[in-house]
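Here the structure is laid out as structure tokens; the discussion comes afterwards.
Scope of the values below: all heavy atoms of this structure, side chains included, with no hydrogens, waters or symmetry mates.
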Amino acid sequence: HQDNSNRNWSLQDFEIGKPLGRGKFGRVYVARERKSKYVVALKIIFKEQIKKHKIDHQLVREMEIQTSLRHPNILRLFGWFHDAERVFLILEYAHNGELYKELRKRGHLSEKHAATYILSLTKALAYCHEKHVIHRDIKPENLLLDHEGRLKIADFGWSVQSSNKRHTMCGTLDYLAPEMVENKAHDYTVDNWTLGILCYEFLYGVPPFEAESQLDTFRRILKVDLSFPSTPSISLDAKNLISRLLVKDSSRRLSLQKIVEHPWILKNANPMG
Ligand SMILES: COc1ccc(C(=O)Nc2ccccc2)cc1NC(=O)CCSc1ncnc(N)c1Br
């Protein structure tokens with residue numbers, strides 16, 4: 001259909017439906033564009049929130065990055081508009097909602113589902129890195145499923161144009177790579193570490209370094225204190241991939257290209273995502 005991303009949209013163009021949840025800085029609703037009847041997710045962000053967190057420039061940069069991203073596993077930002085006190089993001093609507101709710105419901109995923117999601121994430125990250133965009137916040141809460149159950153990375157609330165070394169702490173503790181815990185400079189390869197965390201969590205239902213206290217989680221991450229429970233029983237190939245990603249030395253983590261070619265992925269992932 002025609003490119004509407006720079007059409008000057010307004011709230012009158014949409015019928016607002018049920019709330020979808022609270023993203024960073026704002027609430028998200030299902031909405032339907034009146035003329036086309038096209039269903040979207042409309043994210044409403046209050047400008048005073050943006051001003052308070054001094055991220056107005058980041059939002060503009062973010063919108064420029066977002067509208068340029070086109071990938072089947074990245075949630076689309078179709079366009080945006082604002083009124084006196086709010087900024088509205090017109091987002092692709094992922095009909096099957098948040099992946100982590102499915103993970104909590106099922107307890108843990110099959111190796112086929114887990115491998116398919118890891119492959120989708122790997123391809124989306126490879127695409128982002130090639131466009132010098134680093135996501136920095138890949139966790140189950142930011143992963144959505146479309147009507148065909150295909151994974152979509154969303155909530156780029158913190159993505160930045162690649163400053164090749166990054167220093168700010170972000171994301172929940174369980175997903176932090178050792179170099180982030182030690183607050184050292186870090187680069188793209190933190191995403192490879194996060195893929196290892198997610199792969200473990202998809203297969204076992206809990207992240208690998210979960211602990212009672214934040215300090216214990218930090219300690220387990222820094223030690224790469226990785227162990228595989230005996231149940232659910234997971235294939236050796238899966239354990240091999242996880243062990244090749246959860247490596248302290250970031251330069252020795254399996255590259256995105258090598259993940260795509262890994263036996264476990266080749267054997268289990270549905271290439272159509
Ligand atoms: C490309 O997706 C985004 C791109 C940008 C931003 C964003 O807030 N940027 C931002 C906000 C403030 C400051 C700087 C950046 C947010 C998202 N996405 C989201 O917030 C996801 C909303 S939840 C949802 N969405 C669709 N279908 C569902 N079923 C659900 Br539940």
Side-chain angles (χ1 to χ4, degrees), residues 69 71 73-74 99 109 111 114-143 151-156 158-204 207-210 217-218 220-226 228 234 237-269 271 273:
L69 293 180
H71 187 277
N73 299 114
I74 295 178
L99 174 53
L109 304 180
E111 298 211 26
T116 301
Y117 293 150
I118 293 298
L119 178 59
S120 303
L121 276 164
T122 302
K123 290 192 283 189
L125 286 173
Y127 173 83
C128 286
H129 291 179
E130 157 197 316
K131 299 198 71 148
H132 306 297
V133 170
I134 309 174
H135 185 283
R136 305 203 309 181
D137 210 359
I138 314 274
K139 54 183 188 276
E141 288 78 357
N142 293 339
L143 305 179
L151 181 141
K152 302 272 179 176
I153 302 181
D155 198 352
F156 287 63
W158 294 111
S159 66
V160 287
Q161 198 66 21
S162 78
S163 56
N164 56 355
K165 291 288 173 194
R166 309 175 315 199
H167 301 268
T168 47
M169 295 279 281
C170 63
T172 52
L173 301 186
D174 283 304
Y175 303 87
L176 290 184
E179 59 272 26
M180 293 172 87
V181 168
E182 292 171 323
N183 214 345
K184 283 184 186 152
H186 50 275
D187 59 15
Y188 292 97
T189 53
V190 291
D191 291 338
N192 302 54
W193 172 275
T194 306
L195 283 173
I197 299 285
L198 281 170
C199 189
Y200 185 103
E201 182 165 8
F202 289 159
L203 292 169
Y204 291 103
F209 306 119
E210 200 173 49
T217 301
F218 275 156
R220 295 197 61 200
I221 291 170
L222 292 179
K223 269 174 53 189
V224 191
D225 170 20
L226 175 64
F228 296 109
I234 302 299
D237 278 339
K239 292 177 186 171
N240 175 275
L241 177 58
I242 292 167
S243 311
R244 311 262 309 266
L245 290 168
L246 297 182
V247 173
K248 189 159 167 101
D249 176 350
S250 64
S251 66
R252 290 187 42 251
R253 288 170 198 157
L254 209 57
S255 69
L256 297 180
Q257 187 47 43
K258 286 277 176 256
I259 297 172
V260 172
E261 298 158 0
H262 190 277
W264 183 66
I265 295 290
L266 295 176
K267 217 177 288 175
N268 293 282

I want to check something: taking the side chain as every heavy atom from C-beta on, are [X] and [Y] in contact at a cut-off of under 4.5 Å?
X: Asp174; Y: Glu201; result: no
X: Lys152; Y: Ile74; result: no
X: Tyr127; Y: Leu69; result: yes
X: Ile221; Y: Pro178; result: yes
X: Leu198; Y: Tyr117; result: no
X: Leu143; Y: Ile153; result: yes
X: Leu195; Y: Leu121; result: yes
X: Glu261; Y: Lys258; result: yes

Please report the C-alpha distance between Tyr188 and His132 in whole Å, then the side-chain angles of each, then the deciding distance to 0.1 Å, and finally whether the side chain to side chain contact (heavy atoms under 4.5 Å, CB included) criterion is met.
-> CA-CA 9 Å; Tyr188 292 97; His132 306 297; 3.4 Å; yes
Write down the atom of [X], the atom of [Y], and the distance for their closest heavy-atom approach.
X: Ala177; Y: Val190; result: CB-CG1, 4.0 Å
X: Cys199; Y: Ile242; result: SG-CG1, 3.9 Å
X: Asn73; Y: Ser120; result: ND2-CB, 3.4 Å
X: Val224; Y: Leu246; result: CG1-O, 3.2 Å
X: Lys248; Y: Glu179; result: O-OE1, 4.2 Å
X: Ala269; Y: Pro271; result: O-CD, 3.3 Å

Is the closest side-chain donor-acceptor distance between Glu111 and Trp264 under 3.5 Å?
-> yes
Any side-chain donor near an acceptor of the partner, Glu210 and Tyr204, under 3.5 Å = no
Between Leu254 and the options Thr122, Thr189, Leu241, the side-chain contact (heavy atoms from CB on, under 4.5 Å) test singles out Leu241
Please report the C-alpha distance between Arg244 and Arg253 in whole Å, then the side-chain angles of each, then the deciding distance to 0.1 Å, and finally whether the side chain to side chain contact (heavy atoms under 4.5 Å, CB included) criterion is met.
-> CA-CA 6 Å; Arg244 311 262 309 266; Arg253 288 170 198 157; over 6 Å; no
Give a yes or no answer on whether the side chain of Arg252 reaches the backbone of Leu245 with a donor-acceptor pair at less than 3.5 Å.
-> no
Just verifying a value: how many Å separate [X] [atom1] and [Y] [atom2], rounded to the nearest 0.5 Å?
X: Leu256; Y: Asp191; atom1: CG; atom2: CG; answer: 7.5 Å
X: Thr194; Y: Leu125; atom1: OG1; atom2: CG; answer: 8.5 Å
X: His129; Y: Asn192; atom1: NE2; atom2: CG; answer: 7.0 Å
X: Ile234; Y: Leu203; atom1: CD1; atom2: CG; answer: 4.5 Å
X: Tyr175; Y: Met180; atom1: OH; atom2: CE; answer: 13.5 Å

Is it true that Lys139 and Glu141 have a side-chain N and a carboxylate O under 4.0 angstrom from each other?
-> no
Taking it one step at a time, do Ile118 and Phe202 satisfy side chain to side chain contact (heavy atoms under 4.5 Å, CB included)?
-> CA-CA 9 Å; Ile118 293 298; Phe202 289 159; 3.8 Å; yes
Does atom NZ of Lys239 have more than 12 heavy-atom neighbours, drawn from other residues, nucleotides or ligands, at distances under 6.0 Å?
-> yes
Verdict with supporting geometry, Ser243 and Phe228, side chain to side chain contact (heavy atoms under 4.5 Å, CB included) | CA-CA 10 Å; Ser243 311; Phe228 296 109; 3.8 Å; yes
Ring centres under 6.0 angstrom apart (Tyr200, Trp193) = no
